[in-house]
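Read through the structure below, which is laid out as structure tokens, and then see the notes.
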Amino acid sequence: MPFFKHLSLGFLLLLHCATSWAQNSDSLRVKIQQTEQPFASWWRVDAVEMGGAVGKILLTDQYQRAWTQQTDLSAIVLTLRHRTTADSIDAFAHDYNHPSWGLSLQWTDLSRVKMQKMASPWWGQLQPVDYASHPGHIFAVAGTFSRPFQHFHWGEWGYSLEEGVAFNTRPYNKGNNADNELTGSPLLFHFGASLYGEVRLNSRVSLRADLAFRHVSNGATHRPNKGANMWQPTLALQYELNPQPRYSSTMKSGVFTKEKTNTSMESDFFEDLAPYRFSPYWWFHVEGNIGVRTLLEEWLQTQYHAAPSDANYRTDHFQRHTVYNLQADVMRRYTRRWALGAGLDVFTLPYVKQLQKFAPDDGKHRAFSPISFGIALKHESFYGRLSSYIHLGYYIYRETGRLASSDELPYYERVGLRYRLGKRKWELKEMDKQGTWEKEVRRRNRGVKYGRITFNIGIKAHKLKADFAEIGIGWDF
């Protein structure tokens, strides 16, 4: 349903551009003497979390409701968490209100989800099978980022994001799983978003609840690619391996604010380290990407318009096509953690000739062009070298036939992760002049204005449905 698509997009935008008022409402600070604080390793595990979920597969449109009979699911989640509350020298941790990072292992049981196409003129030449299909089980490994809106003496609440990969035990197969359109391949992309709350029971044990949405799909690298959209309210127990008074409202950071109560970077300590007093700036970004996709048109042709005697009837083998993209962006980093800008996207689509092959007779004379142009608004969220991006674009030129045009509309979205390499030469010289403490501060806060080369992985989509998965390399000027 359009409502669910628009709601999901709005939810992602809200989480990606989380409001800055939460930073000023933080009452949590860690009192550490500058010369006594041990440097916390990123590999340190502060908490172990175990929980479970029961939920439903979300039916997003009339087509999916026509062949889905049951939607119940359950899941078990194990997460290792690294908390940044003790990392008082990490400017990004301070800006994000001391979030926690995690590695999550998830097992989701979808064996009770039942899908079966009954006889209907909707299905064209497709012959219904005499059994119900299901996706089996999904095993996912994901990185997590939990950003508190507010801290209290009894706990915290905020939002959480997950990105990773998943393995599916029963993908689509024309021989014994012919109506499973949710998972078309064993290897899948995993994404999750939730609102969460933590209640501290004692110094070591906390109770955490997540109102979670999770999604797995193959990013159009195979067919089918309906994807599984899952509503998974999750309840978990956390055990602190390194208990500390994380929620004391009387504790203030000696590094960032000294005797001040605001959350701005105004301490004398950071004034001495001038490169890490943030100043907004502009930059120019150029990036080239290569993507992989399969054609929805080929799936529809072999599912519904091929005779049962055809060798390609309900096939599970689809040709992969490459897609190329060049983008040029002008960006403004208006805070340490966020940047906003706009850019031009140029797409090269060698598969367009194949679209003419699958076009209906009344659509074969429409224009088909291997080049598309788009303009996009772009937002990027930073944490050190790592950043996540979301783009909302509009095609100014695109000719891909009738079916593609009706499915795509003139709008597109891109989401992904980007990683930056390199350091400024003058920064290396400055680091050599500093002691151990100052060197560690600089190491923890690299990424404010450094690097040149970037690497990224992402998904381009139309109406939140994947168009292709892509990887790329770029350069910051």
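Side chains are part of it too, since the values below use all heavy atoms of this structure and drop only hydrogens, waters and symmetry mates.
Checked by atom type, the side-chain pair His82/Thr84 shows no donor-acceptor distance below 3.5 Å. Of the N and O atoms on the side chains of Gln232 and Thr234, not one donor lies less than 3.5 Å from an acceptor on the other residue. No side-chain donor from either of Ser279 and Arg336 sits under 3.5 Å from a side-chain acceptor of the other. Counted by atom type alone, Asn325 and Arg414 present one or more donor-acceptor pairs between their side chains at under 3.5 Å. Inspection of the Tyr196 and Glu156 side chains reveals an N or O donor paired with an N or O acceptor under 3.5 Å. Asn180 and Ser133 are not linked by any side-chain donor-acceptor pair at a separation below 3.5 angstrom, with hydrogens and angles left out of the test. With 3.5 Å as the limit, one finds a donor-acceptor pair spanning the side chains of Arg112 and Ser74. In this model, no donor atom of one side chain and acceptor atom of the other lie less than 3.5 Å apart for Gln116 and Trp67. Between the side chains of Glu162 and Gln106, at least one donor-acceptor pair of N or O atoms lies under 3.5 Å. Using a 3.5 Å distance cut-off with no hydrogens or angles, the side chains of Tyr351 and Arg293 do pair a donor with an acceptor. Side-chain contact, Trp107 with His137: a donor N or O sits under 3.5 Å from an acceptor N or O.
Note: Trp101 and Phe145 meet the aromatic proximity criterion, with ring centroids under 6.0 Å apart. Under the 6.0 Å cut-off for aromatic ring centres, Tyr96 and His98 do not qualify, their centroids lying 6.0 Å or more apart. Ring centers of Phe149 and Tyr159: under 6.0 Å apart, within the cut-off.
Every side-chain contact (heavy atoms from CB on, under 4.5 Å) that His462 has, sequence neighbours left out, goes to Tyr395, Arg398, Glu408, Tyr412, Lys460, Asp467. Applying the salt bridge (Lys or Arg N to Asp or Glu O under 4.0 Å) rule to Arg418 yields the partners Glu287, Glu380; only residues at least two apart in sequence or on another chain are considered. With sequence neighbours excluded, the residues forming a salt bridge (Lys or Arg N to Asp or Glu O under 4.0 Å) with Lys226 are Asp61, listed by chain and number.
Summarising the local packing, OH of Tyr394 is surrounded by 12 or fewer heavy atoms from other residues, nucleotides or ligands at distances under 6.0 Å. Around atom CD1 of Ile396, more than 12 heavy atoms belonging to other residues, nucleotides or ligands sit under 6.0 Å away. Within a 6.0 Å sphere centred on OH of Tyr131, other residues, nucleotides and ligands contribute more than 12 heavy atoms.
At a threshold of 4.0 Å, the pair Asp329-Lys378 counts as salt-bridged, since one of the basic side-chain nitrogens sits closer than that to a carboxylate oxygen. Ionic pairing of Arg223 and Glu181 is not present here: no N-O contact between side-chain nitrogen and carboxylate oxygen is shorter than 4.0 angstrom.
Trp338 and Tyr334 have tilted rings, their planes meeting at an angle from 30° to 60° on a 0 to 90° scale. Aromatic ring pairs are classed by plane angle as parallel below 30°, tilted from 30° to 60° and perpendicular above 60°; the pair Phe318 and Trp299 is tilted. Below 30°, between 30° and 60°, or above 60°: for Trp283 and Tyr281 the angle between ring planes is between 30° and 60°, a tilted geometry.
Thr183 places no side-chain N or O within 3.5 Å of a backbone atom of Ser185 that could act as its donor or acceptor partner. Looking at His321, its side chain never comes within 3.5 Å of a backbone N or O of Gln354 through a donor-acceptor pair.
In terms of heavy atoms, Val113 sits closest to Asp72 at CG2-O, 3.5 Å.
For the atom pair OG1 (Thr294) and NE2 (His317), the distance works out to 13.5 Å, reported to the nearest 0.5 Å.
Each of Arg420, Arg452, Arg333 was evaluated against Asp476; a single residue qualifies, Arg420, per the salt bridge (Lys or Arg N to Asp or Glu O under 4.0 Å) test.
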